[in-house]
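Read through the structure below, which is laid out as structure tokens, and then see the notes.
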Amino acid sequence: MEREPIGVIGAGYVGLVTAAGFAELGHEVWARDIVPEKVEALRRGEVPIHEPGLSELIRGTSERLHFTTEMPDVLERARLLFVCVDTPPTYSGDADLSRVEAVLAELGDSSEHALVMKSTVPVGTGRSIQRRRDGIGYVSNPEFLKEGSAVEDFMKPDRVVVGANGGSEEYADRVAALYEPLGAEIVRTDVASAEMIKLASNAFLATKISFINEIANVSEELGADALEVARGMGLDDRIGPKFLQPGVGFGGSCFPKDVQALKQLAGNTGYHFQLLTAVIEVNELQKRRTISKLQKHLGPLAGKEIALLGVAFKPNTDDVREATSLVLAGRLAGEGANVRAYDPVTGHKAEGMLAGAAIADSALEAIDGADAAVLVTEWPEFAELDWTGEVKRRMRVPLVVDGRNFLDRDALVEAGFTYEGIGR
Ligand code: UDX
């Protein structure tokens with residue numbers, strides 16, 4: 001295998017997994033981040049994020065994996081620069097490309113380097129960069145990593161997308177070659193299509209979730225069980241079983257932002273993307289439905305003690321971006337409820353984001369004296385709690401809203417709990 005020195009710009013979730021992944025495949029990797037404390041920690045082998053397997057991978061590849069704050073360290077050694085900087089949403093829903101622009105500025109007018117864009121950018125970004133920087137090498141190589149299983153996703157991708165136009169084909173060949181050992185299908189295409197594959201994939205998955213959430217809401221009214229419905233639907237292999245779990249809505253750093261960005265991009269061309277407008281609206285309403293479920297049993301929530309189980313937007317991550325817990329804490333505070341939240345990983349990091357909610361040090365502490373427990377994130381330890389014993393004894397009212405259909409409903413009901421799932 002050809003060894004290619006690799007530059008990675010931005011050592012966040014995507015950058016760290018990409019850098020460590022390529023180092024694992026045998027390449028020398030120079031990863032650059034502008035935050036000195038982060039780089040120092042990484043050099044000591046301390047990984048600033050919670051991502052299963054990542055610390056081990058970074059420590060195991062330390063001979064080939066170098067961290068720096070200095071762009072020239074990277075530019076001197078690598079020609080392919082994997083851009084993994086944040087592209088957060090702006091208030092208007094467009095992506096904020098200022099960090100990508102900063103990388104471009106640092107690159108100057110180098111014609112020896114190629115940008116390999118992993119960050120999610122609006123369709124058309126690549127073409128516009130190439131137009132402004134005549135002759136710059138540019139490859140679109142969107143990431144499809146899921147937080148919580150990002151290392152595995154890097155090593156065993158469903159597909160790898162490599163997009164390039166005209167003059168950059170040679171760089172695209174080199175990028176594709178890097179992924180060859182992984183054995184996945186490599187989709188070679190033009191830059192705009194590669195950019196669209198990323199946004200369309202996430203928008204489609206988000207649509208699946210909003211769809212099943214609406215089926216769940218209607219099932220509750222009509223007496224069907226949405227889990228049974230999803231099982232029956234998922235066996236049709238045109239539909240598939242994945243991303244058909246009804247819940248308290250999707251969150252995270254990607255889905256909400258990417259759906260919004262695609263809708264906005266369409267809007268900028270004068271096209272109203274009706275479906276995505278609904279996907280977003282359904283998700284916002286879904287995040288709030290828990291409140292009416294609580295009110296149904298407790299009446300007005302003022303003065304009620306509510307335990308929020310889970311703060312992270314999903315298990316196996318410490319990421320709280322766009323998490324449903326944040327919306328729920330805000331709504332509950334608005335209703336005058338007292339909220340105690342517990343998450344096994346985010347811990348006190350979430351303090352201040354949860355509208356004044358107290359952060360408990362254990363699930364039992366959160367539950368103690370509660371009028372209701374709301375399961376927001378399906379962390380395995382929540383299923384292992386002694387619900388019918390200790391938990392039941394500690395709660396003032398044995399009411400559970402299981403926002404992920406994660407707990408043993410029958411056991412809870414048998415033990416005298418009032419159980420509210422999603423869609424059942
Ligand atoms: C997602 C994409 O899966 C990934 O390919 C892309 O690169 C980044 O965005 P991630 O944000 O890590 O990854 O989370 P994911 O596991 O996809 O879940 C997103 C959200 O959807 C979570 O809040 C999850 O709880 C929710 N979800 C997922 C459901 O509500 N129901 C489901 O059936 C699946």
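On a predicted model such as this, the values are computed, not experimentally measured, just so you know. Counting starts at 1 for both ligands and their atoms, following the listed order. Residues: numbered from 1 along the sequence shown.
A donor-acceptor contact closer than 3.5 angstrom links the side chains of R289 and N217.
Heavy atoms of K242 found under 4.0 angstrom from ligand 1: none, in either backbone or side chain. Contacts between L145 and ligand 1, counted as non-hydrogen atom pairs separated by less than 4.0 Å, involve the backbone only.
At the top of the distance list for atom 3 (O) of ligand 1, counting protein heavy atoms only, stands K146 CG, 3.5 Å. From the protein, the heavy atom lying nearest to atom 31 (N) of ligand 1 is Q245 O, 2.9 Å. The protein atom (non-hydrogen) at minimum distance from atom 23 (O) of ligand 1 is G251 N, 3.0 Å. Closest to atom 16 (O) of ligand 1 among all protein heavy atoms lies K314 NZ, 2.8 Å. Protein heavy atom at the shortest distance from atom 1 (C) of ligand 1 is F255 CE2, 3.5 Å. F313 CD1, 3.7 Å is the protein heavy atom nearest to atom 22 (C) of ligand 1.
Counting only heavy atoms from C-beta outward, the side chains of R99 and P88 approach each other to under 4.5 Å.
Note that R159 lies in the cation-pi zone of F144, set by a 6.0 Å cut-off to the ring centre and a 45° limit from the axis.
Electrostatic pairing of E4 and R174 counts as a salt bridge here, judged by a charged N lying under 4.0 Å from a carboxylate O.
Taken to the nearest 0.5 Å, the CG atom of L399 stands 7.5 Å off from the CD1 atom of I306.
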Exercise for the section: Check the pair E322 / K257 against salt bridge (Lys or Arg N to Asp or Glu O under 4.0 Å), numbers first and verdict last. Expected result: CA-CA 9 Å; E322 301 280 338; K257 141 175 110 77; over 6 Å; no
Problem - side-chain hydrogen bond (donor to acceptor under 3.5 Å, both in side chains) assessment of Y419 paired with D410 - result: CA-CA 9 Å; Y419 176 96; D410 296 342; over 6 Å; no
Handout entry: Chi angles and distances behind the side-chain hydrogen bond (donor to acceptor under 3.5 Å, both in side chains) call for H50, N316
Key = CA-CA 7 Å; H50 177 86; N316 292 322; 5.0 Å; no
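Not a single N or O atom of E378, backbone or side chain, sits closer than 3.5 Å to an N or O atom of ligand 1.
Between F154 and F22, the ring planes lie perpendicular to each other; the angle is over 60°, past the 30° to 60° tilted range.
Short contacts between ligand 1 and E143, defined as distances under 4.0 Å to a heavy atom of the residue, involve ligand atoms 7 (O). Within ligand 1, counting atoms from 1 as listed, the ones closer than 4.0 Å to a heavy atom of L244 are 33 (O). Ligand-side atoms of ligand 1 in range of E147: 12 (O), range being under 4.0 angstrom from any heavy atom. Shown in contact with K198 at under 4.0 Å from a heavy atom are these atoms of ligand 1, numbered in order with element: 6 (C), 7 (O). With ligand atoms numbered from 1 in the order given, ligand 1 contributes 8 (C), 9 (O) to contacts under 4.0 Å with heavy atoms of C254.
Residue-ligand proximity: R404 is placed with a non-hydrogen atom under 4.0 Å from ligand 1.
Proximity annotation for atom 5 (O) of ligand 1: of F243, F250, F144, F144 comes nearest, heavy atoms only. Residue nearest to atom 27 (N) of ligand 1, selected from D153, I209, T324, L205: I209 (by heavy-atom distance).
Shown here for G251 and P256, the closest heavy-atom pair between the two residues is O-CD, 3.6 Å.
Shown are T317, D319, L54; of these, the side chain to side chain contact (heavy atoms under 4.5 Å, CB included) with I49 is made only by L54.
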